[in-house]
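To start, the structure under review is shown below, and the notes come after it.
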Amino acid sequence: MAADFKTAQPVEYYRKFLEKDVRPDGRELGEIRPTMINIGSISTAEGSALVKLGNTTVLCGVKAEVTNPKSEEPDKGIIVPNVDLPALCSPRFRPGPPSEQAQVVSQFMVEVIQNSGCIDPKDLCIKAGKHVWVLYCDLVCLDYDGNVTDACVLALMAALKNVSLPKVTLNEESGNLETHMQEKWGLNILCQPVATTFAIFDDCIVFADPTDEEENLATGKVTIVTTEEDKICFVHKPGGSPLSDDKLQNCLQRSFIRAREARNLVETTLVNVDR
Amino acid sequence: MLKSKIFLKKTKKGSILKVVREHYLRDDIYCGSEACDECPQKDEVLELRPQNPSSEIFPDPHYIIPDTNVVLHQLDILEDKCMKNAIILQTVLDEVRHRSAPAYKRIKEAISNPDKHFLSFVNEFHKDTYVERQPRETANDRNDRAIRTAAKWFQTHLFNTGVKVILLTNDADNKVKASQDGVTAFTVAEYVGSLKDNPELLDRLAHSKPSNAFDEGVQLPEHVSIAEVQKGLKSGRYLQGSFQASRDNCLEAVVFIQDKEDVTVFLQGNASLNRAVHEDVVAVEMLPEKDWSYPSSLVIEDVEGETEMDKEARKEKLKQPTGKVVAIIKRKWRQYCGMLLPVIIKTATRHLFVPSERRIPKIRIETRQAHILQGQRVIVAIDSWPKNSRYPLGHFVRKLGTIGDKETENEVLLLEHDIPHVPFSTAVLNCLPKLPWLITEEDVKKRTDLRHLHICSVDPPGCTDIDDALHYKPLDNGNVEVGVHIADVTHFIRPGTAIDEEARKRGTTVYLIDKRIDMVPELLSSNLCSLRSNVDRFAFTVIWEMTKEAEIISTRFMKSIINSKASLTYAEAQMKIDDSKQQDELAQSLRGLNTLAKILKQGRTDKGSLSLASPEVRFHIDSETADPIDVVSKELMETNSMVEEFMLLANVSVAKKIYEEFPDCAVLRRHPSPPPSNFKPVINVAEARGFDFCVDSSKDLANSLASAQLTENPYFNTMLRILATRCMMQALYFCSGMLPYAEFHHYGLAAPIYTHFTSPIRRYPDVLVHRLLAVAIQADASFPELLDKKKTQALCNHLNYRHKMAQYAGRASVALHTLLFFKNKVLIEDGYVMFVRKNALTVLIPKYGLEGIVKLAEYQNIMKFDDENTVQTIGDVIIRVFDAVKVEVSVDQSNIQHQHIKFKLVSPQLPEIEEGPPLKKQKKRK
Amino acid sequence: MAGLELLSDQGFRIDGRRPHELRRIQCRMGVFGQAEGSAYVEQGNTKVLAAVYGPHEIRGSRGKMQPDKVLINCQYSMATFSTGERKRRPRGDRKSQEMTKHLQQTFEAAVLTHLYPRSQIDIFVEVLQSDGGNYCASVNAATLAIIDAGIPMKDYVCACSASYIEDNPVVDINYLEESSGSAELIMAMLPKSEQIVLLQMNSRLHEDNLSKVMDMATQGCKDVHSILDTAVREHLTSSIALQDSSVT
């Protein structure tokens, strides 16, 4: 009976729930799905993290290579995030070249890294003008159930915190790179951005962490990225229903709380990973 | 299935690559001790009551655990038969494997010897003995810790059995740490010293650390570190090469630079040689050009009327690129035969050992039994060469016997030529067929029955390993059928068996004058495989149908059963052919074969096949003393060449067949064309006598050789051939997949393709060829190694080495017997001058095939040497190459280790020379 | 310097296994919500995720539709961080396309394709970490995912590799053993009937040894089968228990 109603009139079905300030999966409007992080599970990667946000699952693996720096930035390392939404993760995606959505999320990740300044690219320099580290941060979505951006940001940051690199120095005499196997170092993470996404329903109702279904019904979306000490580093609102100032304020408050929770989660998980 | 296994990851950082490996730890690795009741194991290796030699410091029954350095350096101790019940940890074994291949081989042999009770314990995969490398811990420290952990585990595990374990380590730090862990640890010296029943073991102790300075004032330069060497090699500052010590001067050597064929670097002086030993791979640094030098053998004499300036200029010309050794990249030390220098102080324990190989320096050893070792041949191993010692340090391994004794000298000869000569092991003998050996019906079914044919063999007298036999049959169509039958050795030696391994290792039968070291046990070589007359034998047969003009119509290969009708010697066969009264089938066959052989030989010669010469001699051995009583040159008869022709033909036919079937993995034999420059000595000599000598191809060479006849000196041609033989390259076995077809060429035989098929009893390559041919004609199944070209090539290299060493050993044996023959004799013999050098002549005495040097140094002042034409003028005597001379032959016994034959020129008589002042003083050295 | 000793005299392989031992295999079924069926398989350090969608109507070009049987559409993909050296593209390279094709062929032979004419089944495989035996782990994971999706098959498809090292047949080879240059044999079979679905061999192997290696691989497939079967049974028991508890 309920299922038929949902199939026939999904929006109406949702409205009925939201009138009672509750969502069909039992969550309150501001409630975020249970989050789980697993760090360092991929041993071929220099750093890795698996994030489950409800059913949405994202795996991030960081591979490091030594490369030549860009000529305009000779002393800066390079961080290349890439998001892959394979056909495996949802019936929505088809095998083929990267979808538009995947490219949008990838670009979003680039901006998060740049805007937050979470890593000083100069830390990744081995010899200015000659050799720098490049970090390939590949994010694979394994199960797509909405709000992949939040999961991606979380997975990326957890994986970066997990990165362990060998010390590499340039031998001036021979011109060769020398690797010191025993001396490893982790990245200096200056701040940890956390993204929180809200969906706008019927132009007025705002709820956090939408599922795939909710994303399809939503009329608008806003993503807020904050860093430690409740600083906003990035707000992304790609069109859709306009949002009032006070609603945005609510969202901000909610995202500060969420960011703190998420950071705690990463820290506790990291402590349990022996590296 | 895997169960209850803890599993860890070992992460190894490559340059930047991240390598992840799994490492499973197991609970099913057992202690291997008979004393233990806990482990559900079978086939315990360690004894219940270890009967180790009673130690004064540790009387309890115990097992020993040597650490890596002990296994690497004290193998002579561990190999002693009184050392039993040792636990060799995997950690140790892996390290040894990486650091020294010979040591690894030796310790593996010890482990596989059931009498030693050596257990190889896989501690790295055992759940309780695996240790993970800690941050900032070096690999060595981690391994030491792993060894201690395993020792501790054994101690706890065996606690209730009453058997203890002892860790043997020479590393002081490791020993202290072991004691802290509660593990009993001794140094090898402590342990061996406490074995009161085996005092002789102490002599074998390798001395790695110099206790104090050896030679006052000797301080050789430090070697640079491996890292420095690698850096230097890359930047071109250092060069890597093989160190070849000079035979004549222990302070000189040359280094053949790797990958650069013609580049050699000259080294002079102790500091430049810097502890390198003959054959070592070293890193050298070039000296600045102004410090370059030249070998002292190139003595600079004063020339009349020459100014100092001219002389300096001449010296400059002689100078060679000179360098110094900065580090040893790889030691090629082995065990050396030799003798101790006579002792002056009776009770001294330090002695100098003189190796019989002149290129090896003297070795300092410690022994308490010097008085027994005087006049004995002994074996010594080098352990180390500290920088404050003039000589390397070594230890005594074993003694061989009295110097000059024929048995001892034979043993030395075999050892020095690396010839495996221990009796065949039981495992090998177990592979032999049981006697009486009978041919079964099955065999008859599989093989072609050729017992009705009139087959005979022709060999030298006294030959018991008959490889080959022949037959000849006229056919009705006017053609003839010729068969070559080769002993079917591969029927008995199956691939992968112990007997096959052993034969492969030996590679060839080695013939010494009074001894034969068989490749396969005697039962096969002289009985079951040997194609003796009037018994049924298995053979591998090649049958040709030929026209009377020896043109091959068809070739067939088959496994067969034959029954030889006669085993003839060359002389007997020759008599049968020559005696026209004999008209039986055998005699007619032989005549037919002989006729064909002549045609074949002519055809071969026309194509440019060379007939070369080397002086071969036979000794008449006294049957009682086994000392040689007379020497005769080997005589060659027509029948020798008859047999040879058909063997060559068979080899070529087989080579074609196996190459056709297995283009990638056929075992063939090639003989590279020598570079024309090699022939310079021959050309010089021939042209000096007015002959045109062309060496552009083997055909030209053959023609030139044939035309160079001197009526007044009939031996001239033979000598020319002897000389030409020495200009040749070595013939080599190789795998067809490794070279282009153009390089298969056999220069000496002028054949495009060639192999060895006809002597499988005494040559392993023939065994391989038999197997390939058997597969090619579907008479046998193939097997993996046969078709692996890399393995085959590696095997060919090994066989080439064995072949070369066997030849050297054979020559050395002739030399030894010649020496024994001339001992206490002074004879005047006819000889010919082979070479004329600046201050010596090389003279060959054809009667004995003996070559010796006549020194002319004493005539220094009145000699004139013409370098261009190699003519020596002494006073009014002119000596040219190939001149006939008379020499007095005697044995120079002044050096007991290197006794040698001395030649003195009798005719032409050289002018008397006044006793002048010693040469050295005349030289002006700057 | 001596190279790696792939099989020691004591009979241990480089990772401590004996020649006939498989790596540790761990599997989980029903790991994801979006797909009809999914499974995760760890075979030593090789980690593979498989998802199955369908049967559903044909997507993409209708031309691929088969009137008498279902279309099996596969995609094999490797995460860029799954190997020692970073892969440039996760899929679309030749090796991946070959794997994709092999997977398709394997499952066309095992799934009861006639039951779903004019439909499509998607099998997607993602290798998260690779240490040799990628195809085998992919097949094993896909089998579990298909079972999870409830699509009928003739039998489990079990895959296992084998090689011949130092004159010994060895089973389930890891990356190091794969890259040693010795022969590599890959086999997928229906264990109950012992029918071979896919067999591939690379590099040279003497024919005398082929049967030994085949026997080793066959035994490996059977061992894999018993592990997969146990996993399926455990998964079913626990989900039934879950349902029971939710009912009461």
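In what follows, every chain begins at residue 1, and chains take the letters A, B, ... in the order their sequences are listed.
Counting non-hydrogen atoms of neighbouring residues, nucleotides and ligands closer than 6.0 angstrom, the CZ atom of C:Arg28 reaches no more than 12 such neighbours. With a 6.0 Å radius and a threshold of 12 heavy atoms from other residues, nucleotides or ligands, C:Arg94 has its CZ atom at or below the threshold. In the displayed structure, C:Tyr175 atom OH is contacted under 6.0 Å by at most 12 heavy atoms of other residues, nucleotides or ligands. By the 6.0 Å contact criterion, CD on C:Gln200 is enclosed, its count of non-hydrogen atoms from other residues, nucleotides or ligands being greater than 12. Within 6.0 Å of the CD atom in C:Gln97, the count of heavy atoms belonging to other residues, nucleotides or ligands exceeds 12. Atom CZ of A:Arg27 has more than 12 heavy atoms from other residues, nucleotides or ligands within 6.0 Å.
The side-chain heavy atoms of A:Thr57 and C:Phe32, taken from C-beta on, include a pair separated by under 4.5 Å. A heavy-atom distance below 4.5 Å is not found between the side chains of C:His56 and A:Pro91.
Note that the CZ atom of C:Arg86 and the CD atom of A:Glu65 stand 7.0 Å from one another [nearest 0.5 Å]. Distance check: C:Asn45 CG to A:Ile42 CD1 gives 9.5 Å after rounding to the nearest 0.5 Å. For the atom pair OG (A:Ser90) and OH (C:Tyr53), the distance works out to 5.5 Å, reported to the nearest 0.5 Å. Summarising the geometry, atom CZ belonging to C:Phe81 is positioned 8.0 Å from atom CG belonging to A:Leu139; distances are rounded to the nearest 0.5 Å.
The two atoms that bring C:Thr83 and A:Lys63 nearest to each other are O-NZ, 2.9 Å, heavy atoms only. The nearest pair of heavy atoms linking C:Lys47 to A:Ser41 is NZ-O, 2.7 Å. Taking all atoms of both residues into account, the shortest heavy-atom contact from A:Pro95 to C:Phe124 is CG-CE2, 3.9 Å.
When each of C:Asn73, C:Thr80, C:Val52 is checked for heavy-atom pairs under 4.5 Å with chain A, C:Thr80 comes out on top. Per-residue counts of heavy-atom pairs under 4.5 Å with chain A were compared for C:Ser38, C:Ser82, C:Ser130; the largest is that of C:Ser82. The residue among A:Thr44, A:Asp84, A:Val140 with the most heavy atom pairs within less than 4.5 Å of chain C is A:Thr44. When A:Asp212, A:Leu142, A:Asp145 are compared by the number of non-hydrogen pairs under 4.5 Å with chain C, A:Leu142 comes out ahead.
Interface remark: C:Gln75 contributes side-chain atoms only to the contact with chain A (heavy atom separation under 4.5 Å). Using a 4.5 Å cut-off between heavy atoms, C:Val31 touches chain A through its backbone atoms (N, CA, C, O) alone.
Checked by atom type and distance alone, the side chain of C:Gln129 pairs as donor or acceptor with a backbone atom of A:Ser43 at under 3.5 Å. The backbone N or O of C:Gly33 lies less than 3.5 Å from a partner atom in the side chain of A:Asp143, making a donor-acceptor pair.
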Run the side chain to side chain contact (heavy atoms under 4.5 Å, CB included) check on A:Tyr136 and C:Lys87 step by step: do they pass?
-> CA-CA 10 Å; A:Tyr136 292 102; C:Lys87 271 180 72 78; over 6 Å; no

